[in-house]
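Computed from a predicted structure; not experimentally measured.
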Amino acid sequence: MSDSFYGQQQQQPKRSAVVPWLITVLVVLLAGVLGWFGQGAYRALQTRAEAADAEALMAHERAKAAEQAQKELEAKLEAIDSEKSQLSTQLNQLSTERDQLSQVVQEKDAELARLKATYQDLEEKMKSEIADGEIRLSQAGGRIQVDLVDKILFDSGEASITERGAGVLTRLGAVLAGVEGRSIQVSGHTDDSPPSQRLAATFPTNWELSVARAVNVVRFLQEKANVPARRLVASGYGETHPVATNATPKGRARNRRIEILLIPELAQAKAAELTSASAKPEPGATVQPAKGTGKPGPR
């Protein structure tokens, strides 16, 4: 029994010595395990942190790219707005020009229609004289010209309007009185034969004769046919503007004439401005009649 007790006493110190070692080993093992798992967790966290940093960097780059793209887009939109504004301005200008051009075309068409109607009216009123070759009617460049041989208006070498001439001018004046927007220039023309000795005291040269005839026609149109005086112009060219040769009786007869020219008022105004600005005006005596002045010239 004493041996058993003694044996037990010897085994207890041995067990006491083993336990600390086991605990130490277990602690070391546990520490190792925890360290291994901790290191793995740290590496995982570090990897996630690096990935997050990389993703944040990429997001920053994308944000910068998006901001730059937005700026470029805004610049393009601003350019488009500017171009749109310019195009709108040009469109408005083109629209205005189109409207103006359309108005000009309409006015031109209306003017041509009025001119055609006046020409046809003159043809109708003067058809007998036109058929006999005593009146020539022509139209060109927006103008109408009526050429009347002198014998249907005047006696030879005279400036007084004959009874027949008064009838012709009455019919002619009925058309001219209704013409709007045109000046009516009446020009006297002669052949190259000087006035006879009988007429020399009244008409020393063909200038005086051509002017007197033009003035008498103008005053007849004003006073008898009610053509507005402000639209009438009288001018004399003598023998300086022949339309045929003076070497034949027929040619001389054509040169002795009264020309009535219907001119657009704007063209007439420009012509008057050029004439007044010229230092040496074209040969020809011109008279603008005043309404209600006296009676027709020499008789």
**OP:** Would you sort out whether Val218 and Val227 count as a side chain to side chain contact (heavy atoms under 4.5 Å, CB included), showing the intermediate values?
**Re:** CA-CA 9 Å; Val218 160; Val227 178; over 6 Å; no
**OP:** Give the C-alpha distance, both sets of side-chain angles, the deciding distance and a yes or no for side-chain hydrogen bond (donor to acceptor under 3.5 Å, both in side chains) between Gln90 and Asn92.
**Re:** CA-CA 5 Å; Gln90 293 176 0; Asn92 290 335; over 6 Å; no
**OP:** Under the side chain to side chain contact (heavy atoms under 4.5 Å, CB included) rule, what do Arg231 and Val179 come out as? Steps first, then yes or no, please.
**Re:** CA-CA 10 Å; Arg231 290 171 40 219; Val179 176; 3.6 Å; yes
Original post:
Does the pair Val168 and Ile135 meet the rule for a side chain to side chain contact (heavy atoms under 4.5 Å, CB included), with working shown?
Top reply: CA-CA 10 Å; Val168 170; Ile135 290 181; 4.3 Å; yes
Original post:
Are Gln103 and Glu107 close enough, and set up right, to give a side-chain hydrogen bond (donor to acceptor under 3.5 Å, both in side chains), and what steps lead you there?
Top reply: CA-CA 6 Å; Gln103 183 177 355; Glu107 291 174 354; 3.2 Å; yes
Original post:
Between Glu55 and Arg48, is a salt bridge (Lys or Arg N to Asp or Glu O under 4.0 Å) present by the stated rule, with each step listed?
Top reply: CA-CA 10 Å; Glu55 186 174 353; Arg48 286 197 296 272; over 6 Å; no
Original post:
After noting the C-alpha distance and the side-chain angles of Glu208 and Thr205, does the key distance pass the side-chain hydrogen bond (donor to acceptor under 3.5 Å, both in side chains) rule?
Top reply: CA-CA 6 Å; Glu208 286 81 7; Thr205 68; 2.3 Å; yes
Original post:
Going through the checks in order, is the side chain to side chain contact (heavy atoms under 4.5 Å, CB included) test met by Trp207 and Thr190?
Top reply: CA-CA 9 Å; Trp207 287 112; Thr190 68; over 6 Å; no
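Of the possible donor and acceptor atoms, one in the side chain of Asn216 sits under 3.5 Å from a partner among the backbone N and O of Ala159. A side-chain donor-acceptor contact under 3.5 Å links Ser210 to the backbone of Gly238. Of the possible polar contacts, one joining the Thr118 side chain to the Arg114 backbone as a donor-acceptor pair under 3.5 Å is found. Side chain of Thr89 to main chain of Ser85: a donor-acceptor pair is present (N/O by atom type, distance under 3.5 Å, no hydrogens or angles). Of the possible polar contacts, none joining the Asn246 side chain to the Gly251 backbone as a donor-acceptor pair under 3.5 Å is found.
Contact of the Gln100 side chain with the Thr96 side chain is registered, since non-hydrogen atoms from C-beta on lie closer than 4.5 Å. Residues Arg143 and Leu261 meet the side-chain proximity criterion, which asks for heavy atoms closer than 4.5 Å. Side-chain atoms of Leu153 and Leu169, non-hydrogen and from C-beta on, do get closer than 4.5 Å to each other. Taking 4.5 Å as the limit, some side-chain heavy atom of Leu262 sits within range of a side-chain heavy atom of Leu176. With a 4.5 Å cut-off on side-chain heavy atoms, Glu124 and Gln120 do not count as touching.
Atom OG1 of Thr245 is separated from atom CG of Asn255 by 8.0 Å, given to the nearest 0.5 angstrom. Between the CD atom of Gln139 and the CG atom of Leu112 there is a distance of 8.0 Å, given to the nearest 0.5 Å. Separating the CD atom in Glu123 from the CD1 atom in Ile130 is a distance of 5.5 Å, to the nearest 0.5 Å. Distance check: Asp132 CG to Ile152 CD1 gives 9.5 Å after rounding to the nearest 0.5 Å. To the nearest 0.5 Å, the span separating CG on Leu91 from CZ on Arg98 amounts to 8.5 Å. To the nearest 0.5 Å, the span separating NZ on Lys125 from CG on Leu122 amounts to 8.5 Å.
Of all the heavy atoms in Ala214 and Gly188, the pair that sits closest is CB-N, 3.7 Å. Contact detail for Ile161 and Gly165: the closest heavy-atom pair is CG2-C, 3.7 Å. Closest heavy-atom contact between Arg182 and Gly142: NH1-O, 2.6 Å. The nearest pair of heavy atoms linking Pro195 to Asn206 is CD-OD1, 3.6 Å.
Remark: Arg171 CZ is packed, more than 12 non-hydrogen atoms of other residues, nucleotides or ligands lying under 6.0 Å away. For CD of Glu83, the number of neighbouring non-hydrogen atoms (other residues, nucleotides, ligands) closer than 6.0 Å is 12 at most. Within 6.0 Å of CD in Gln46 there are more than 12 heavy atoms belonging to other residues, nucleotides or ligands. Within 6.0 Å of the CD atom in Gln197, the count of heavy atoms belonging to other residues, nucleotides or ligands does not exceed 12.
No salt bridge links Glu67 with Lys64; every basic N to acidic carboxylate O contact stays at or beyond 4.0 Å. Ion pairing between a basic and an acidic side chain is recognised when a charged N comes within 4.0 Å of a carboxylate O; Glu259 and Arg257 show such pairing.
Between Gln185 and Ser187, the side chains place a donor N or O and an acceptor N or O closer than 3.5 Å (distance only, hydrogens not considered).
For the pairing with Ile184, the side-chain contact (heavy atoms from CB on, under 4.5 Å) check across Leu232, Val146, Ile144 returns one residue only, Leu232. The one candidate from Arg213, Arg198, Arg256 that meets the salt bridge (charged side-chain N to carboxylate O under 4.0 Å, His left out) condition with Glu158 is Arg198.
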